[in-house]
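Everything below concerns the one structure shown next.
Sequence lines set the chain letters: A, B, ... in the order given, protein chains first and strands last, and positions in each chain run from 1. Computed from a prediction, not measured in an experiment: that's the story for all the values here.
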Amino acid sequence: MKRRPGSSGALHLISTATATRLVRLDRVGKIPAVMCLDTNYLDTIGMLSELRVRTSRRVTGALKQPTKSRSSRIGWVRNSRDFTTLKHISAGAALMLAAEYDRISSVTGNPPATIDLHKWDASVKGTLAELGFFDLLRLRVDVPASTGGLMIEKMVSGSEVNMAPVNEAIRRLFDRMGGDPGLRLQLASAVTDAVENVRSHAYPTANPFSVPKWWFTGAVDQASGKLTLAILDQGISIPRALPMKWGLNQIIEKFLSDFSLNFDPQDPANDGQAIELAMTLATSTGLSFRGKGLPKILEIIRGCPEGRLRIVSRCGDYTYSADGSKLIQTHAVPFLGTYLELEALLHQAQP
Amino acid sequence: MSDKMLSIANDYSASPAGRYPADGPFNGERFRDQVLAPALRDAISKKQKLVVDLDGAFSYSSSFLEEAFGGLVRTGLFSPREITDHLELRSNDPIYASFVKDAKSYLRDALKAAAH
């Protein structure tokens, strides 16, 4: 057999919606061992961004499908992803990954294949299965029900602000964990505000390689009682949407007065500050009856036990805690869209 | 005069969301124009008060509440006097109190803007 440069001659099992067979791999992409924004931000976002860029060019639209094999010859698969190295994935990172695969499926018409699914880490496979990741790939994967670990709701997505399925998912989490109905109402309302923001601002123009959708999931860490609700879009990002919503001159003036920084929507250097400005702009200007959603989310978080809001948008990373503390960061690697995560404690950890 | 009751959760949707019809099926503009305004018009004609009950919904968003109640003034469907005399917002369940407060503040802001 003639080996291709940069490839392994080993045989791997590829699973698609229609077939499972042995293949050889060419140019295998790396997946970090941990995909989590809290503990491995750069590798997680870097992998997702690279996946977006690589699958946003027409030439790569079909790369995830097996090459055609002639008769009994073993085919090659180019540019696959080795998920066997992944040992932990958080609910938020799982949602980001599933949204990328959903986008790839939508724009190419083919769900991506999986390689060596039987070798994937059981907890990773369980988290992704509960999220509905394998449904996107039209694969049936049976995994044992989660007991005592992360309880994750099946992903919900849409383009309109139709909140009934999201509210049902949140209700199920609260019913299963015995959460306070008042907290549920407040958090579900914050999620609704976030989805409305996606609808209003994330996708101002059509793009043939994107799907103008939002994705949602919710999860509870059963050991700690911590609830996570996550919403993401693959749109233009908050720093680029800001001047469209409020006017470039006003944003430049506010940036200068609030941060002593220059604002350029194309320059990600101050994206953390751009998100912070978006959180407060409606309140501070009082100019419009619109734009109350993000400040309202902050108000809701302030009333949640151990509440935390995190927004990642392009290179910006903004965290706001119920005690009023903030962490504003700008990373070197962009997330291509906006990710919003709400956290609260549903109940105290069991001794 | 007796009150006329309108429940957002029961008479419209338990998951109201969005501002405009393009946003989604249970948006604030549709609620205002197809449910709230006719009910308020009917209440005014019968010299009643329309009591809008916020209990029972799964969630409320600021855009929905603002468009439904602030928009009632902004669109000029009713005079400020008609609204203050004939519309009341309330909840019996305390978990909805903050949303009643928000809706009242959107109404108040719109009334202020209309007065200028």
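The shortest distance between side-chain heavy atoms of Leu185(A) and Phe99(B) falls below 4.5 Å. For the pair Met163(A)/Phe26(B), no side-chain contact is recorded, criterion being any heavy-atom separation below 4.5 Å from C-beta on.
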Practice task
Kindly indicate, with the supporting measurements, whether the criterion side chain to side chain donor-acceptor pair (under 3.5 Å) is fulfilled by Ser59(B) and Gln186(A).
Solution key: CA-CA 7 Å; Ser59(B) 63; Gln186(A) 293 290 330; over 6 Å; no

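In plain terms, the two heavy atoms of Val161(A) and Gly18(B) that are nearest each other are CG1-N, 4.1 Å. In plain terms, the two heavy atoms of Ser15(B) and Ala164(A) that are nearest each other are OG-CA, 3.6 Å.
Formation of a donor-acceptor pair under 3.5 Å by the Asp193(A) side chain with backbone atoms of Ser62(B) is found in this model. Side-chain atoms of Glu160(A) do not come within 3.5 Å of backbone N or O of Asp23(B) as any donor-acceptor pair. Distance alone, capped at 3.5 Å, places no donor-acceptor pair between the Arg19(B) side chain and the Ser200(A) backbone.
In this structure, Ile95(B) CD1 and Leu183(A) CG are separated by 10.0 Å, a value rounded to the nearest 0.5 Å. With rounding to the nearest 0.5 angstrom, the OG atom of Ser189(A) is 8.5 Å from the OH atom of Tyr96(B). Phe58(B) contributes atom CZ, which lies 10.0 Å from atom CD1 of Ile170(A) (distance to the nearest 0.5 angstrom).
Proximity to chain A is limited to the backbone of Ala57(B), based on heavy atoms less than 4.5 angstrom apart. There is no contact between Asp93(B) and chain A, counting heavy-atom distances below 4.5 Å.
In this structure, Lys296(A) fails the cation-pi test against Tyr106(B), since its NZ or CZ atom is not both closer than 6.0 Å to the six-membered ring centre and inside 45 degrees of the ring normal.
The residue among Glu168(A), Glu299(A), Glu196(A), Arg171(A) with the most heavy atom pairs within less than 4.5 Å of chain B is Glu196(A). Ranked by heavy-atom pairs under 4.5 Å with chain A, the list Gly24(B), Ser98(B), Ser61(B) is led by Ser61(B).
Other residues, nucleotides and ligands contribute at most 12 non-hydrogen atoms within 6.0 Å of the NZ atom of Lys154(A).
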